[in-house]
Amino acid sequence: MQELLLQEEEKMEQESTGSGSSKFSSLQWVFKVKNMAWEAYKSKPFSHWVLLFLSSLGMLVAFPASSLLSRVYFANGGTSKWIISWVAVAGWPIPALILFPMYLFHGTSPTPLSLQLFCSYVFLGFLSAADNLMYAYAYAYLPASTAALLASSSLAFSALFGFWIVNNKLNASVINAIVIITAAMTIIALDSDSDRYPYVSNNQYIWGFVWDILGSALHGLIFALSEWVFIKFLGRRSFHVVLEQQVMVSSCAFLFTTIGVIINKDFQGMTSEAKTFKGGVTAYNLVLIWSIITFQLGVLGATGILFLASTVMAGVLNAVRVPVTSIAAVILLNDPMSGFKILSLVITFWGFASYIYGTSTGRLSVVG
């Protein structure tokens, strides 16, 4: 198989000699990707690819489902932004159930918890709690498809904060991606009248837009700070270390969010909210329970992708997740989909592609 790929590459190189250097360069990049993919497949056991498939499924199914359930909650009578932000972290014991058997049966030792590392987890937990609350406000006032498109701007913020905090490189393709994604967000802002729900005021829609962008910016900051914590305090990126960080950060975010729910007296209001919820108490409970499960499965999937593959593949799946969420929202929730929103979706996907190309060409140049 490998020999056939190399022969085909040589053939294409000969055919492209008279077609210009740009075409030759593109074909060369494609065949490098194919060769790297084949070598990667041969170098890993079958179980690795099974776990990678399940992790990808978590990102592409669980995350969109979680986003849609947030919108279902608000569309059917739910009103508490604190409750939705609380269910996003209430499932923190799920990754802990995976982590503890690794300690018991695989001889893995817990990472020593220094004061600095503990404070880092608490700070990241506080930021995550604030981030979830911002997204809750966004889904309260925006269609799920619009909220998902705006949330894709977190990639641009991740690139910028990664450059400032952990000195990640910014090349022309990444900068181009940031500009493109910003343009896509501007198109949505200019087309706000086409997808605003009748019961949402213009002021609420604007605030939903603002909270979504701020949440995306904070999400990018959290991603960069998490990478900085690994570099500064952990120095290794094994699967159980990644799970430890997830459990610690999520549990801290759960604590902060629970305090907010208690102060806002939203736990007391859940009983009356469930009674007035469209579909009744059972539907209300199912929406919250599945929101807890799907969000954590999505996070576990993203964690698995980062460990088993790379941030580039995580970026690819994140790019695919945006249209999956938007299309599912249109089909299942009857979200409005204007021509401007479709254009924004295409431009956003183009921005993701530019980012993925920019981050992967650096790796390929090193390999080549």
Side-chain angles (χ1 to χ4, degrees), residues 30 32-70 88 91-92 94-95 97-99 102 144-145 147-149 151-152 154-155 158-159 177 181 216 219-220 222-223 226-227 230 237-243 245-247 249-250 290-329 331-332 345 348-360 363-364:
V30 168
K32 280 185 178 181
V33 171
K34 287 184 177 180
N35 293 337
M36 288 180 63
W38 178 248
E39 290 297 330
Y41 175 77
K42 294 194 300 181
S43 65
K44 301 292 183 181
F46 182 71
S47 58
H48 171 89
W49 301 109
V50 172
L51 290 173
L52 188 62
F53 172 77
L54 293 176
S55 298
S56 302
L57 205 62
M59 283 195 70
L60 295 179
V61 177
F63 264 146
S66 175
S67 299
L68 295 182
L69 286 168
S70 296
W92 69 266
I94 295 177
L97 292 176
I98 301 174
L99 182 62
M102 297 179 68
S145 56
L149 281 169
S152 66
S154 63
L155 179 65
S158 295
I181 292 173
S216 299
H219 189 79
I222 292 170
F223 190 86
S226 298
E227 188 174 354
F230 269 105
R237 194 182 288 269
S238 63
F239 187 64
H240 87 274
V241 172
V242 176
L243 275 181
Q245 186 189 54
Q246 182 183 334
V247 171
V249 172
S250 295
W290 279 109
S291 294
I292 293 172
I293 295 173
T294 53
F295 188 87
Q296 286 302 318
L297 289 179
V299 174
L300 278 173
T303 302
I305 292 297
L306 289 172
F307 175 71
L308 295 170
S310 65
T311 53
V312 175
M313 183 171 181
V316 172
L317 294 177
N318 200 45
V320 176
R321 181 167 66 92
V322 172
V324 168
T325 305
S326 299
I327 294 171
I331 296 173
L332 300 176
L345 179 62
T348 300
F349 202 79
W350 176 21
F352 273 116
S354 180
Y355 176 83
I356 293 164
Y357 180 83
T359 53
S360 61
R363 297 170 183 264
L364 288 173

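Just so you know, residue 1 is the first one in the sequence shown, and it goes up from there. Predicted model only: the values in this text are computed from it and were never measured.
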Would you say the side chain of Phe63 lies within less than 4.5 Å of the side chain of Val299, judging by non-hydrogen atoms?
-> yes
Which heavy atom in Met102 sits nearest to a heavy atom in Leu243, and how many Å separate them?
-> SD-CD1, 4.0 Å
Between Gln245 and His240, is any pair of side-chain heavy atoms under 4.5 Å apart?
-> no
Do Leu300 and Ile98 touch side chain to side chain, with heavy atoms closer than 4.5 Å?
-> yes
Nearest-0.5 Å distance, CD1 of residue Ile222 to OG of residue Ser154 = 10.5 Å
Which value, rounded to the nearest 0.5 Å, describes the distance between Gln246 atom CD and Ser226 atom OG?
-> 10.5 Å
Which distance, rounded to the nearest 0.5 Å, do you find between the CG of Leu297 and the CG of Leu54?
-> 10.5 Å
Got a donor-acceptor contact below 3.5 angstrom from the Ser152 side chain to the Leu149 backbone?
-> yes
Locate the shortest heavy-atom distance separating Ser326 from Ala148; write the atom from each residue and the value.
-> OG-CB, 4.4 Å
Heavy-atom closest contact (Leu345 atom, Pro323 atom, distance) = CD1-CA, 3.8 Å
Where do Gly91 and Gln296 come nearest, in terms of heavy atoms and distance?
-> O-CG, 3.2 Å
Find the distance between OG (Ser67) and CZ (Phe295) and round it off to the nearest 0.5 Å.
-> 8.5 Å
Calculate, to the nearest 0.5 Å, the distance between atoms CG and CD1 belonging to Leu69 and Ile293 respectively.
-> 10.0 Å
Atom pair CG/OG1 of Leu332 and Thr325 - distance to nearest 0.5 Å | 11.0 Å
Exercise: identify the closest heavy-atom pair between Gly351 and Ile181 | CA-CG1, 4.2 Å
Can you see which heavy atom on Ser158 is nearest to which on Gly220, and at what distance?
-> OG-CA, 3.4 Å
